[in-house]
Amino acid sequence: MSSTFVTLAEVLECRGGPLLEDEVWSLLLGTAESLVDVSYKGTVILLMYLLMYIISPTSLLLSATGTLAFKNCTLSDEACTFTAPEMLQGLSHSNLSVFYQMLVYSLGMTLYWSVDYHLPQNQPVQLSDHLNSLLLSMCEDLAHRRVNLNSILESCESQHKASLLPPPNRVIGQLVEDVFHKNVPLRILLGCHGM
């Protein structure tokens, strides 16, 4: 099970409701760390490879070991919701900083979607002003107005220290474990012994 991944969409579907604020902070910190790490290794080949990605609930992968990964997310009608406006307009994205601003947008939209998942239409999203403001700044339509990855990482690290939140890998691993535990009877009935 250690190398098994589930998508964020599967986590939410299994739960039947939105992520909690602490879970969002953990996912945001884990994803920001991953993207900043990739940005420091930023080679042209890596950039070209990552340009295929739009972070969405179906492309953000979580593992039971607490790691994150991304899978290819084609530009479909469903993915358009999470796609930066400049990408939809076909604007050039050959610059690394522009590319990362597009990922910031899609990550912000994905996490906002995850806190609104299956909420009744008249029920507001339950977020602190700090997290709400950060997510909104990630979802700015104009790329130059979006918060950058390093600022996101700093905000997340501050929040984790101030709130004494568990490490992201523990929260991510628990989200995945919850999916496996809830789906155990189904896997046994289907004769699936390893997902």
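In what follows, every heavy atom counts, from backbone to side chain, and hydrogens, waters and symmetry copies are set aside.
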Mind listing the closest non-hydrogen atom pair of T110 and P57 along with its distance? CG2-N, 3.7 Å
Locate the shortest heavy-atom distance separating G30 from L68; write the atom from each residue and the value. C-CD1, 3.4 Å
Between E21 (side chain only) and L131 (backbone N and O only), is there a donor and an acceptor less than 3.5 Å apart? no
Can you tell me how far apart CG (L8) and CH2 (W113) are? Round to the nearest 0.5 Å. 6.5 Å
Within the 4.5 Å heavy-atom criterion, are N148 and V104 side-chain neighbours or not? no
Do any N or O atoms from the side chain of S26 and from the backbone of E23 form a donor-acceptor pair under 3.5 angstrom? no
Is there a side-chain contact between T31 and L111, using heavy atoms and a 4.5 Å cut-off? no
Please report the closest heavy-atom contact between L134 and S137, naming both atoms and the distance. O-OG, 2.7 Å
Can a donor-acceptor pair be found, under 3.5 Å and without considering hydrogens, that links the side chain of E157 to the backbone of S155? no
Would you say the side-chain atoms of S106 pair up with the backbone N or O of I55, donor to acceptor, closer than 3.5 Å? yes
Check the angle between the aromatic planes of W25 and H130 and answer parallel, tilted or perpendicular using the 30° and 60° thresholds. tilted
Evaluate the criterion side-chain contact (heavy atoms from CB on, under 4.5 Å) for residue pair L35 and F70; output intermediate values, then yes/no. CA-CA 10 Å; L35 293 173; F70 308 97; 4.0 Å; yes
Could you tell me which non-hydrogen atom of I172 sits nearest to which non-hydrogen atom of S63, and how far apart they are? CG2-O, 3.9 Å
Under 3.5 Å: donor-acceptor pair, side chain of R170, backbone of G173: no
Could you pull out the closest heavy-atom pair between C14 and K182, with the gap in Å? O-NZ, 2.6 Å
Kindly indicate whether the side chain of N132, heavy atoms from C-beta on, has any atom under 4.5 Å from the side chain of Y112. yes
Linked, directly or transitively: L136 and L119 (ILVMFWY side chains, under 4.5 Å): yes
side-chain contact (heavy atoms from CB on, under 4.5 Å) assessment of S163 paired with D22: CA-CA 9 Å; S163 300; D22 291 352; 5.7 Å; no
Using a cut-off of 6.0 Å, state whether more than 12 heavy atoms not belonging to E13 lie near its atom CD. no
Could you please spell out the steps behind the side-chain contact (heavy atoms from CB on, under 4.5 Å) verdict for L29 and Q159? CA-CA 10 Å; L29 177 57; Q159 181 66 29; over 6 Å; no
Please check if the side chain of Q101 supplies one atom and the backbone of A143 the other of a donor-acceptor pair under 3.5 Å. yes
Are the side chain of R146 and the backbone of C139 linked by a donor-acceptor contact shorter than 3.5 Å? no
Worked verdict on R15 versus L175 for side-chain contact (heavy atoms from CB on, under 4.5 Å): CA-CA 9 Å; R15 175 180 283 191; L175 290 171; 3.4 Å; yes
Can you give me the closest heavy-atom contact between T81 and M109, atom names plus distance? O-CE, 3.5 Å
Output for pair (L61 CG, T7 OG1), nearest 0.5 Å, gives 7.0 Å
Under 4.5 Å between side-chain heavy atoms, hopping through other hydrophobics if needed: is there a path connecting L20 to L27? no
Using only heavy-atom distances, determine whether the side chains of Q174 and D178 contain a donor-acceptor pair under 3.5 Å. yes
Can you confirm whether H160 sits close enough to P168 that some side-chain heavy atom of one is under 4.5 Å from a side-chain heavy atom of the other? yes
